[in-house]
Amino acid sequence: MSSSTSDSKLNVVVTGGAGYVGSVCAARLLESGHQVTVVDDLSTGHRDAVPSGATFVEGDVAEVADSLLADGYDGVLHFAGKSLVGESMQVPDKYWHGNVVTTLRLLDAMRRHRTPRLVFSSTAATYGEPATIPITEAAATNPTNTYGATKLAVDHLISSYATAHGLAAVSLRYFNVAGAYGQFGERHTSETHLIPIVLQVAAGQRDQVQIFGGDYPTPDGTAIRDYIHVVDLADAHEAALLRATAGQHRIYNLGNGTGFSVKQVIETCRAVTGHEIPAVVASRRAGDPAVLVSSSERAQAELGWTPRLADLANIVSDAWKFTQEHTAR
Ligand code: UFG
């Protein structure tokens, strides 16, 4: 029995809602009038990133899902998980447990309590080294790291539960998420992502940025990625939640369909911040493909979603405001 007030206003659980993408999504869902309960063990998330207006349950999803879902929810948006590629190669058990075992427990609890909808945070890392660009959902899935392998395993899990048990499920495969939404942004304890690192140099928290590889087969020799604003990404989650269909597991890539090189990103950060941002070319990072650019045609056609904040300077500008506020603290 669901506790929603109308067809379009849902009562949902957001796992990982104290993290970067989860907190932005929780905030946007609340603004749209949905009821949100955030579950997060705060292992990488921050208590003050849980939007006011959300109910907060501190705990491990695998442990709390069963008792929580017994209260009756319309759906779960599952962001909680482990997401560092390098770490996944060093400590794979953390990724198989944290991503696969935890999601299996969540799915079993959803099945037991008849929670009808699931939106899952998947990743472009499920594809591995692409044979063609842009990457469509029909591309082969050959992950090159444990992180991508665990996320792909979860996608398979979800497919079989949707078919067998009537779950309405959507996996969203993110490309490079960036930007911020007011007080909600990216603040990892040990940052590995390009845009926050470059902005930390601009803010004086680092001396320089290392460009991982200057000899890729790209126009300027540096790797190309598809950067998507976290607000556009969050809005695709709401569309996916509302359009999910019982018994089906749909998969959508989320990107802007445009690639920017590492050098182009650094140039944009220089223009937005007005800081010099010293950069040096270093060796390639293991496992990094040369080019990852998404086709978002399926998401646009079937979710009725269009990225509205695709301009890289806007994305960087929102991230820069967030960096400055958090540096000043
Ligand atoms: N890079 C640098 N210097 C840095 C950090 C990154 O040159 O200090 C380069 C990387 O080598 C890469 C690009 O900047 O070419 C982007 O790197 P990120 O670490 O920001 O992002 P990734 O493309 O490696 O990974 C992101 C997500 C993954 C996801 C992947 C799929 O973090 O979870 O996109 O596209 F799997």
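Note that ligands are numbered from 1 as they come in the structure, with each ligand's atoms numbered from 1 the same way. The basis for the numbers below is simple: all heavy atoms, side chains too, and nothing from hydrogens, waters or symmetry mates. The first residue in the sequence is number 1, and the count goes up from there.
Counted by atom type alone, Asp220 and Thr222 present one or more donor-acceptor pairs between their side chains at under 3.5 Å. Defined by atom type and a distance below 3.5 Å, a donor-acceptor pair is missing between the side-chain atoms of Thr163 and His249. In this structure, a donor-acceptor pair under 3.5 Å is absent between the side chains of Gln35 and Tyr73. Checking Asn99 against Tyr147 by side-chain atom types alone, no donor-acceptor pair falls below 3.5 Å. Side chains of Tyr161 and Arg111: a donor-acceptor N/O pair is absent below 3.5 angstrom, by distance only.
Among protein residues, Thr123, Ala124, Ala125, Tyr147, Asn176, Thr192, His193, Leu194, Ile197, Gln210, Ile211, Phe212, Ala223, Arg225, Tyr227, Val262, Arg285, Asp288, Leu292 come within 4.0 Å of ligand 1, judged on heavy atoms.
Qualifying ring-ring contact (aromatic ring centres under 6.0 Å, His included) partners for Phe322, counting only residues two or more places apart in sequence or in other chains: His326.
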